[in-house]
Number of protein chains: 4
Amino acid sequence: MTYPRNDPDMDEPIQGNQLKSIVERIERLEEEKKTISDDVKEVYAEAKGNGYDVKILRRVIAIRKRDANERAEEEAILDLYLQAVGETA
Amino acid sequence: MTYPRNDPDMDEPIQGNQLKSIVERIERLEEEKKTISDDVKEVYAEAKGNGYDVKILRRVIAIRKRDANERAEEEAILDLYLQAVGETA
Amino acid sequence: MTYPRNDPDMDEPIQGNQLKSIVERIERLEEEKKTISDDVKEVYAEAKGNGYDVKILRRVIAIRKRDANERAEEEAILDLYLQAVGETA
Amino acid sequence: MTYPRNDPDMDEPIQGNQLKSIVERIERLEEEKKTISDDVKEVYAEAKGNGYDVKILRRVIAIRKRDANERAEEEAILDLYLQAVGETA
DNA sequence: GCGCATTGATGGCTGC
DNA sequence: GCAGCCATCAATGCGC
């Protein structure tokens with residue numbers, strides 16, 4: 001295992017604080033993610049309550065996302081081909 | 001946020017709008033989730049840049065999360081026991 | 001951890017043999033997979049030697065695979081919709 | 001299996017066939033890989049049906065693989081040392 | 001040595 | 001309510 005800024009003269013507490021800060025930032029972000037995931041579930045549940053077929057709804061979302069990804073993919077391929085023929089993308 | 005109940009007599013276009021609203025809300029939330037996920041990656045990348053071992057860092061996060069879950073679990077069991085013996089939790 | 005056929009009267013060596021057999025079958029299959037993976041790498045290397053752009057080649061393969069998956073996906077969705085409107089698929 | 005060298009003067013359609021051949025060979029190999037992967041899943045499923053803990057089973061496989069790699073690694077180092085002291089490996 | 005691509009693991013959702 | 005399935009996410013390995 002390696003340690004950051006392996007400098008004997010360095011103030012030690014700062015390293016500890018830095019690590020602590022990193023961990024806390026990540027944990028905070030993960031909490032936010034969870035909150036949003038829960039919101040998504042809520043929306044689906046509500047939709048279900050309004051008579052929508054959740055399974056199909058999920059498919060709709062997935063398809064729209066896939067289409068968006070495809071567009072991005074096509075752009076990437078185009079760039080690749082342009083590079084391959086010596087054009088600047 | 002409130003929503004109209006699922007009324008078969010309702011004007012159909014409105015339902016269309018409702019569906020559209022649902023899809024857009026979900027997609028919006030998913031985008032937010034992605035933004036946060038990217039933020040998390042950034043923090044890890046930054047930590048790596050500061051010499052931290054990302055793999056181990058992830059373990060730290062995972063362990064703390066597991067411990068938190070376990071504590072919650074223990075609390076729940078404790079509450080159960082307290083209720084079982086007629087105590088108010 | 002649970003154990004299979006937790007029967008005290010059972011012949012013990014058979015359990016050991018069964019587990020051994022499982023592990024060996026998996027390891028044998030994994031070896032086969034590795035062989036084939038190496039073959040794939042060889043083909044890419046050869047293609048590269050013939051002047052093909054491997055990165056683009058990989059994209060081609062990926063796109064063809066994606067398209068195949070999409071066709072399957074569309075079939076699945078069609079089935080869903082048919083079911084949703086009460087048709088037998 | 002042998003292949004014609006990449007000759008710029010070569011008839012172009014043949015190159016097209018060459019590309020096609022490459023793609024088909026790769027796709028064929030990928031299919032084989034998938035077949036074997038499915039076989040592996042089957043074995044795990046069967047093991048599960050016999051009461052084995054799949055998660056642990058996977059660990060067993062992983063550990064044995066790691067150990068095998070380590071042994072190979074040690075052999076390689078040994079060979080290096082033997083060569084370094086003028087011994088034939 | 002880094003980034004990418006594949007592969008494996010985990011957790012959530014659906015159907016029985 | 002649980003098992004199987006699927007989708008997401010992390011980890012390993014490969015190539016540049």
Side-chain angles (χ1 to χ4, degrees), chain A residues 2 26 29-30 33-34 36-38 40-45 47-48 53-59 61-63 65-66 69 73 76 80 83, chain B residues 26 29-30 33-34 36-38 40-45 48-49 51 53-63 65-66 69, chain C residues 2 26 29-30 33-34 36-45 47-49 52-63 65-66 69 72-73 76-77 80 83, chain D residues 26 29-30 33-34 36-38 40-49 51 53-63 65-66 69 72-73:
Chain A
T2 61
I26 291 172
L29 290 168
E30 293 293 351
K33 254 175 70 180
K34 187 172 187 328
I36 296 175
S37 291
D38 290 346
V40 171
K41 275 179 204 131
E42 229 177 289
V43 177
Y44 276 117
K48 184 175 185 175
D53 183 319
V54 172
K55 191 170 174 183
I56 291 182
L57 199 46
R58 284 183 184 277
R59 292 247 184 192
I61 302 283
I63 287 168
K65 186 179 178 186
R66 197 193 61 191
N69 289 340
E73 171 85 353
L80 263 178
Q83 284 179 259
Chain B
I26 292 172
L29 289 168
E30 292 294 349
K33 254 175 70 180
K34 189 175 186 323
I36 296 175
S37 292
D38 290 346
V40 171
K41 281 187 197 114
E42 230 178 289
V43 177
Y44 277 117
K48 183 176 186 176
D53 185 315
V54 172
K55 192 172 171 179
I56 291 181
L57 199 46
R58 284 183 185 278
R59 289 214 191 181
V60 171
I61 302 284
I63 287 169
K65 186 178 178 186
R66 199 197 55 195
N69 289 340
Chain C
T2 61
I26 292 172
L29 290 168
E30 292 294 349
K33 255 175 70 180
K34 188 174 188 325
I36 296 174
S37 291
D38 290 345
D39 288 347
V40 171
K41 275 175 206 138
E42 230 177 289
V43 177
Y44 276 116
K48 184 176 185 174
Y52 290 99
D53 183 317
V54 172
K55 195 169 172 183
I56 292 181
L57 199 45
R58 283 183 186 277
R59 291 251 183 189
V60 171
I61 302 284
I63 287 169
K65 187 178 177 185
R66 196 195 61 189
N69 289 341
E73 172 85 352
I77 293 171
L80 263 177
Q83 283 178 259
Chain D
I26 292 172
L29 290 168
E30 292 294 350
K33 255 174 70 180
K34 187 174 189 324
I36 296 175
S37 291
D38 291 345
V40 171
K41 282 188 197 112
E42 231 176 288
V43 176
Y44 277 116
E46 187 185 310
K48 183 176 187 175
D53 184 316
V54 172
K55 192 172 171 181
I56 292 181
L57 200 45
R58 282 184 186 277
R59 289 215 191 180
V60 171
I61 302 284
I63 288 169
K65 185 178 177 186
R66 199 196 55 194
N69 289 341
E73 175 84 354

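Chain A is the first sequence line, chain B the second, and so forth, proteins listed ahead of strands; every chain is numbered from 1. For clarity, every value in this text was computed on a predicted model and none was experimentally measured.
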Asks: Roughly how far, to the nearest 0.5 Å, is NZ of D:K34 from NZ of C:K65?
Replies: 8.5 Å
Asks: Can you give the first and last nucleotides of DNA chain F, 5' to 3', that have an atom under 4.0 Å from a heavy atom of chain C?
Replies: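 Contact span on the strand: F:dC14 to F:dC16.
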Asks: Atom CZ of D:R66 and atom P of E:dG8: how far apart are they, to the nearest Å?
Replies: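 Nearest whole value for this atom pair: 17 Å.
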Asks: Could you check how far NZ of A:K41 sits from C1' of E:dT14, rounded to whole Å?
Replies: 15 Å
Asks: Enter the distance from D:K55:NZ to D:D53:CG here, rounded to the nearest 0.5 Å.
Replies: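 One finds 8.0 Å between NZ of D:K55 and CG of D:D53.
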Asks: Which atom pairs link the protein and nucleotides 9-11 of chain E when you take only N or O atoms and keep those under 3.5 Å?
Replies:
from   : atom 1 : to    : atom 2 : distance (Å)
E:dA9  : OP2    : D:R58 : NE     : 3.1
E:dA9  : OP2    : D:R58 : NH1    : 2.7
E:dT10 : OP1    : D:K55 : NZ     : 3.4

Asks: Go through B:E42 and B:D38 one step at a time and tell me if the side chain to side chain contact (heavy atoms under 4.5 Å, CB included) criterion holds.
Replies: CA-CA 6 Å; B:E42 230 178 289; B:D38 290 346; 5.6 Å; no
Asks: Need to verify one output field. Residue with the more 5' nearest nucleotide on DNA chain F, A:K33 or C:K48?
Replies: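 By nearest-heavy-atom nucleotide position, the 5'-most residue is A:K33.
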Asks: Taking all non-hydrogen atoms of both residues, which atom of C:R59 and which atom of A:E73 are closest, and how far apart?
Replies: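 Smallest heavy-atom distance, with atoms named: NH1-OE1, 3.3 Å.
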Asks: Supply the atom-to-atom distance A:L57 CG to A:K48 NZ, rounded to the nearest 0.5 angstrom.
Replies: 12.0 Å
Asks: Calculate the interatomic distance between A:I56 atom CD1 and E:dG15 atom P; express it in whole Å.
Replies: 11 Å
Asks: CG/C:D39 to CD1/D:I26 distance, rounded to the nearest 0.5 angstrom?
Replies: 11.5 Å
Asks: Provide, to the nearest angstrom, the distance between the CD1 atom belonging to A:I61 and the P atom belonging to E:dC13.
Replies: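 These atoms are roughly 15 Å apart.
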Asks: Do the non-hydrogen side-chain atoms of D:R58 and D:I61 ever get within less than 4.5 Å of each other?
Replies: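 With C-beta onward as the side chain, the pair stays apart.
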Asks: Can you name the nearest heavy-atom pair linking D:I36 to C:L29, along with the distance?
Replies: CG2-O, 3.4 Å
Asks: Rounded at 0.5 Å granularity, tell me how far OG in A:S37 sits from CD in A:E30.
Replies: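 One finds 9.5 Å between OG of A:S37 and CD of A:E30.
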Asks: Rounded to the Å, how far apart are D:I26 CD1 and E:dA5 P?
Replies: 15 Å
Asks: In whole angstrom, what separates C:Y44's OH from E:dT6's C1'?
Replies: 11 Å
Asks: The side chain of C:E30 lies closest to which of these nucleotides: E:dT14, E:dC13, E:dG8?
Replies: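 It is E:dG8.
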